[in-house]
Amino acid sequence: DGSHRFVSTGGAKIGKKFENMNQIRDYLSRPVWSVHEYLGINTKEEKLEPPSAEAVKKLLRLSGLPLEGADIKEIQMRLAKQLSFINKLHNIPVEGEKHTKEYDARLVQRNTKQLNYTKLLEGISHQKQDAELGEVSGSWKATGLAAESKNAYFVVKEGLLKNRK
Amino acid sequence: HSHGAPFRPEYALKCGLEIHTQLNTKNKLFSQSTNSATSLVDAPNHHTSYYDIALPGTQPVLNLEAILFAMKLSLALGSQVNSISQFDRKHYFYGDQPQGYQLTQHYRPFARGGKINLSKELDDIDESAKEIGILQLQIEQDTGKSHYTETDKDVITLVDLNRSNVPLIELVTKPDFSDIKQVRAFIKKYQNLVRHLHISSGDLETGAMRVDVNLSINEYARVELKNLPNTSSIINAIKYEYQRQVELISVGDTSSLMEPETRGWTGSSTVKLRSKETTIDYRYMPDPELPYINLAPDVISGVRGLMPQLPDDIMRILMKK
Amino acid sequence: MPLKRSLKESIERLSSFQSKYNIFTSINPSPYSITNKKGTKETLTGCVASIKDNIVTKDFPTTCASHILENFKSPFDATVVKLLKQAGVHILGKTNLDEFGMGSGGVHSIRGPVINPLYPHEDKKIMGGSSSGAAASVACDLVDFALGTDTGGSVRLPACYGSVLGFKPSYGRLSRFGVIAYSQSLDTVGILSKKINVLRKVFHTLDKYDMKDPTSLSVELRELIEGNKKVRRPLKVGIVKEFSHESMPIGFHRLYLSLLEKLINLGLEIYPVSIPSVKNCLPIYYTLSPAEAASNLSRYDGIRYGYRDSELDIKDGILFAPTRSKFGTEVKNRIILGNYNLCSDAFKNNFIKAEKLRVNLIDEFDGIFRFPNVLTNSKGNPDGLDLLIVPTSSKLPGSIRDFEEEEAKSPANSYINDVFTVPMSLAGLPSLSMPLKEKTPIGLQVVGQYGDDSTVLDFVESIS
């Protein structure tokens with residue numbers, strides 16, 4: 001890293017303060033990596049096997065998307081490219097594997113504040129219906145936004161019996 | 001046995017229950033809409049907030065009363081309440097599932113373990129005592145109700161979301177049942193318990209309690225029985241399915257018993273609904289919005305102080321007298 | 001220059017800009033805000049704003065630029081919209097976007113692409129996305145500010161391409177209630193404007209706890225953040241080693257260096273810093289966000305609202321496929337990828353791994369900032385930095401045709417547009433993209449520790 005001594009702070013490091021513009025210019029003139037590494041242009045990796053046509057059909061089914069008119073080959077190819085992009089994760093080691101918990105990935109307080117007995121009962125007593133959330137029974141017509149409804153019911157048209165699986 | 005074909009020791013029944021219990025909290029699970037799940041007079045889609053019909057931009061906010069109720073049940077069953085539990089999304093498409101997923105507790109459920117003790121003196125079973133272990137308790141959302149209308153031409157389903165997002169507790173037992181009497185006794189005892197705790201009406205007829213059965217014989221694959229609207233259908237379905245499998249095993253035709261499957265009860269027989277190949281991958285995903293439930297230890301002691309004396313204890317005191 | 005533009009003038013100029021640049025999806029028939037605060041001198045009273053069309057509004061449709069929500073009108077306002085109305089802001093209209101916020105070009109919209117107004121006489125250039133219309137409405141001086149949403153750079157990239165300010169606050173500070181979810185563990189409402197003082201006022205108006213949003217930052221933690229604020233002099237600014245790329249736009253380095261020189265002359269200290277995890281960010285992001293998106297978009301079945309296939313609700317035995325076939329191509333691609341990531345095997349191998357690497361990234365950022373992180377309980381590094389300076393984009397806006405061709409070759413070609421913006425989304429950090437030169441689509445992000453939004457805003461104001 002040139003003349004800069006890095007002080008370690010976990011995986012990240014802060015180097016010595018820049019004293020002048022020349023040092024900064026020098027630092028910026030040495031690119032560290034290229035975004036094209038992501039695209040596998042500079043890396044020799046085994047060519048990823050695209051997911052099978054069967055797997056793609058299963059995914060379409062799970063996605064609630066029609067099989068008819070779907071270009072299965074094209075989806076296979078695209079998935080292969082997407083997966084070669086995200087499968088780079090497999091080769092990255094997790095720092096501190098033992099104490100790194102996936103639960104901490106969310107951007108909320110890591111040690112969720114504990115709910116104690118008083119707070120629980122207080123919380124229950126403060127809960128109330130909010131008209132702004134449509135929580136008051138009968139305050140709005142729930143089927144009013146639906147393209148089709150029948151006697152205040154929503155409708156699912158399942159068509160001919162033979163269409164059902 | 002007084003009813004039906006006897007159970008035979010060389011064909012050992014192994015059976016467990018999955019029971020969904022509707023909580024009679026004042027409001028729904030992730031909205032404050034009125035919980036009026038078992039009412040028969042409400043207009044359809046009357047108790048439905050913006051969240052309940054999954055309008056874009058709506059978000060879940062947990063009803064804390066569901067935690068209180070789940071805590072009462074866990075303590076009554078002697079379950080180990082997890083200090084941290086979370087909600088996960090279980091994905092599948094259905095007309096009565098407005099979000100396209102159900103919020104449940106898959107990865108970190110509310111409580112694990114616990115048991116219900118059955119005895120000859122109190123519960124009319126053949127053994128002097130029988131322990132039915134509990135695997136876990138999880139809080140989850142109920143679905144809406146679908147009403148099928150068939151004409152000779154097509155099928156239309158009418159959907160009412162009054163029940164959608166009503167809190168349920170799913171209780172899964174260990175496969176500890178070995179005969180029908182135990183199943184009958186357990187259901188009765190569990191119904192009695194939730195009524196005693198005032199957390200549910202416990203009625204099978206209204207759907208406030210729903211029971212699915214898992215059973216296997218001699219270590220063959222597990223069969224799940226669904227659509228069992230009352231105690232007699234639960235009992236009759238187990239009997240029928242036991243007989244059906246015994247016949248297959250006795251003639252050596254066990255190929256259909258190698259893979260798990262789901263069967264429904266028609267009222268007189270069980271029919272195959274789903275096999276392993278057609279099971280849905282529910283793609284459980286931790287909900288990215290709802291905070292984890294993190295309970296302080298004093299919640300357990302506090303709720304314990306609210307608990308009534310349990311039915312068995314009351315009975316034993318009375319019997320002593 | 002006056003703080004607020006005239007609404008009348010905006011309305012007069014609107015139609016010619018709309019036909020040229022395709023900025024809006026709908027225009028408010030009566031933009032005049034009805035406020036009972038007429039008498040008081042509300043800071044934003046009379047300002048003109050636009051709202052990205054994935055934020056719900058009672059007064060006009062919310063379409064997410066998708067067939068699926070054509071003609072959908074929400075019965076309620078998003079909290080951020082409600083707060084603006086209460087402050088007496090005139091809402092001019094809803095802005096065009098990549099369908100459901102998915103895209104970095106602003107081209108995936110049923111209303112057609114937004115065209116970059118910085119290039120009125122050339123080949124049509126991309127605005128950047130997904131808050132494409134939001135950036136264009138500000139760039140054309142039709143509004144004082146715009147609300148957008150930023151999941152992986154969707155406010156900052158178009159702001160950079162439109163040469164305006166684009167601020168993504170810390171995750172959870174602005175309410176997401178009424179913001180149509182793309183990937184909630186990342187989604188953030190953002191603000192675009194040409195004036196830092198306007199942007200700042202909007203931020204203060206919206207920076208409130210909202211009990212309707214379960215991820216809204218609690219009052220308690222907000223107070224903790226306030227309590228952690230101390231005057232830090234001199235400000236210590238880091239240049240991240242991993243963000244030094246070989247391919248940067250022509251003219252970028254000269255502008256970048258002259259800004260750094262300005263900072264040194266102002267007495268700030270500049271440090272090199274290495275944050276190795278930022279190199280992992282794109283694969284993490286494209287594992288987590290499509291999975292959440294696939295889940296969030298499973299509610300669109302046509303049964304209760306929005307577009308519905310007139311014939312059937314089932315096809316090939318697949319429920320709702322006839323209606324859902326109307327999602328745009330990019331959205332379908334991400335739903336399929338997302339469901340792949342959620343299937344049991346991939347979930348264990350990819351999703352959980354991505355979450356753990358996200359934790360590593362957050363921890364690394366914690367290691368180099370002086371300010372504490374109230375979410376992780378990081379006490380802050382006493383020798384740490386106050387701000388980071390990071391390029392916003394490795395490219396200049398290309399032509400719409402080139403963008404579409406590249407993307408057709410491989411989806412990854414457009415994913416890499418997010419390389420500089422995604423790390424801050426994954427860690428929830430406040431990040432403001434500012435133009436380095438007027439009317440030039442070259443920008444820099446100023447990034448602070450989680451919750452330290454005010455230091456970012458102060459800094460940008462001080463050098464504006």
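All chains are named by letter (A, B, ...) in the order of the sequence lines, taking the proteins before the strands, and each is independently numbered beginning at 1. As the structure is a computational prediction, the values presented were derived from the model and not from experiment.
- Proximity to chain A is absent for every atom of C:Ser170, based on heavy atoms less than 4.5 angstrom apart.
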side-chain contact (heavy atoms from CB on, under 4.5 Å) assessment of C:Ile239 paired with A:Phe18 | CA-CA 10 Å; C:Ile239 304 176; A:Phe18 291 115; 4.1 Å; yes
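- The minimum heavy-atom distance linking C:Cys343 with A:Leu59 is given by the pair SG-CD2, 4.2 Å.
- Neither the backbone nor the side chain of C:Leu342 comes within contact range of chain A, judged by heavy atoms closer than 4.5 Å.
- Panel note: side chain A:Lys81, backbone C:Lys409; a donor-acceptor pair is recorded below 3.5 Å.
- Between chain A and the options C:Ile352, C:Leu282, C:Thr287, C:Ile275, heavy-atom pairs under 4.5 Å are most frequent for C:Leu282.
- One finds the OG1 atom of A:Thr112 at 10.5 Å from the CG atom of C:Leu375 (value rounded to the nearest 0.5 Å).
- For a residue to count as touching a neighbouring chain, one of its non-hydrogen atoms must lie under 4.5 Å from one of that chain's; by this rule C:Leu361 does not touch chain A.
- For the atom pair NZ (A:Lys113) and CG (C:Leu221), the distance works out to 9.5 Å, reported to the nearest 0.5 Å.
- Pairing each heavy atom of A:Leu89 with each of C:Ala354, the nearest pair is CD1-CB, 3.8 Å.
- Contact annotation for C:Pro322: neither backbone nor side-chain heavy atoms come within less than 4.5 Å of a heavy atom of chain A.
- Between the CG atom of A:Leu67 and the CD1 atom of C:Ile318 there is a distance of 4.0 Å, given to the nearest 0.5 Å.
- Remark: A:Glu132 engages C:Lys212 in a salt bridge, criterion side-chain N to carboxylate O under 4.0 Å.
- Interface remark: C:Lys58 contributes no atoms to any contact with chain A (heavy atom separation under 4.5 Å).
- Taking 4.0 Å as the cut-off between side-chain N and carboxylate O, C:Asp316 and A:Lys57 do not count as a salt-bridged pair.
- Between chain C and the residues A:Arg106, A:Glu97, A:Glu68, the largest count of heavy-atom pairs under 4.5 Å involves A:Glu68.
- Looking at C:Leu260, both its backbone and its side chain come within 4.5 Å of chain A, counting heavy atoms on both sides.
- Ranked by heavy-atom pairs under 4.5 Å with chain A, the first of C:Ala346, C:Ser325, C:Ala294 is C:Ser325.
- Using modelled atom types, one finds no donor on one side chain facing an acceptor on the other under 3.5 Å when comparing C:Asn377 with A:Arg110.
- Among the candidates A:Thr100, A:Ile92, A:Asp104, the single residue satisfying the side chain to side chain contact (heavy atoms under 4.5 Å, CB included) test with C:Lys356 is A:Thr100.
- Looking at C:Phe76, only its side chain comes within 4.5 Å of chain A, counting heavy atoms on both sides.
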Verdict with supporting geometry, C:Arg308 and A:Lys157, side-chain contact (heavy atoms from CB on, under 4.5 Å) | CA-CA 11 Å; C:Arg308 176 183 196 140; A:Lys157 296 169 294 184; 3.8 Å; yes
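- Heavy-atom pairs under 4.5 Å with chain A peak, among C:Met211, C:Lys73, C:Glu220, at C:Glu220.
- Chain C forms the most heavy-atom pairs under 4.5 Å with one residue out of A:His90, A:Lys58, A:Arg78, A:Arg25, and that residue is A:Arg78.
- No other option in C:Ile335, C:Thr215, C:Leu297, C:Asn339 has as many heavy-atom pairs under 4.5 Å with chain A as C:Asn339.
- When heavy atoms are compared at a cutoff of 4.5 Å, C:Ser425 approaches chain A solely by way of its backbone atoms N, CA, C and O.
- Both the backbone and the side chain of A:Glu148 come within contact range of chain C, with heavy atoms under 4.5 Å apart.
- The minimum heavy-atom distance linking C:Lys315 with A:Pro66 is given by the pair CD-CB, 4.4 Å.
- In terms of heavy-atom proximity, A:Tyr27 sits nearest to C:Val240 at OH-C, 3.9 Å.
- Contact record, A:Leu133 with C:Phe177: CD2-CZ, 3.2 Å, taken as the closest heavy-atom pair.
- Using a 4.5 Å cut-off between heavy atoms, A:Lys101 touches chain C through its backbone atoms (N, CA, C, O) alone.
- For chain A, the option among C:Tyr256, C:Phe327, C:Tyr450 with the highest count of heavy-atom pairs below 4.5 Å is C:Tyr256.
- Of the listed residues (A:Gly69, A:Gly134, A:Gly64), the greatest number of heavy-atom pairs within a distance under 4.5 Å of chain C belongs to A:Gly64.
- Summarising the geometry of A:Leu65 relative to C:Ile336, their closest heavy-atom pair is CD1-CG1, 4.0 Å, with the distance given to 0.1 Å.
- Contacts of C:Tyr307 with chain A are absent, with no heavy-atom separation under 4.5 Å from either backbone or side chain.
- Only the backbone of C:Asp309 comes within less than 4.5 Å of a heavy atom of chain A; no side-chain atom from C-beta onward does.
- With a 4.5 angstrom heavy-atom cutoff, C:Leu186 does not touch chain A via any of its atoms.
- Between C:Tyr415 and A:Phe85, the distance from one ring center to the other falls under 6.0 angstrom.
- Remark: side-chain polar atoms of C:Asp313 are not paired, donor with acceptor, to backbone N or O of A:Val156 under 3.5 angstrom.
- A distance of 9.0 Å separates CG of A:Asn87 from CG of C:Asn349, quoted to the nearest 0.5 Å.
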side-chain contact (heavy atoms from CB on, under 4.5 Å) between A:Gln109 and C:Val374: does it pass, once the steps are laid out?
-> CA-CA 7 Å; A:Gln109 209 177 357; C:Val374 296; over 6 Å; no
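- Of the two parts of C:Tyr340, the backbone and the side chain both hold a non-hydrogen atom closer than 4.5 Å to a non-hydrogen atom of chain A.
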Please assess A:Ile86 against C:Asn341 for the test side-chain contact (heavy atoms from CB on, under 4.5 Å), listing each intermediate value before the final yes or no.
-> CA-CA 10 Å; A:Ile86 63 176; C:Asn341 291 345; 3.5 Å; yes
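- Using a 4.5 Å cut-off between heavy atoms, C:Ser277 does not touch chain A at all.
- Contacts with chain A were tallied for C:Glu261, C:Lys279, C:Met248, C:Glu311; C:Lys279 has the most, counting heavy-atom pairs under 4.5 Å.
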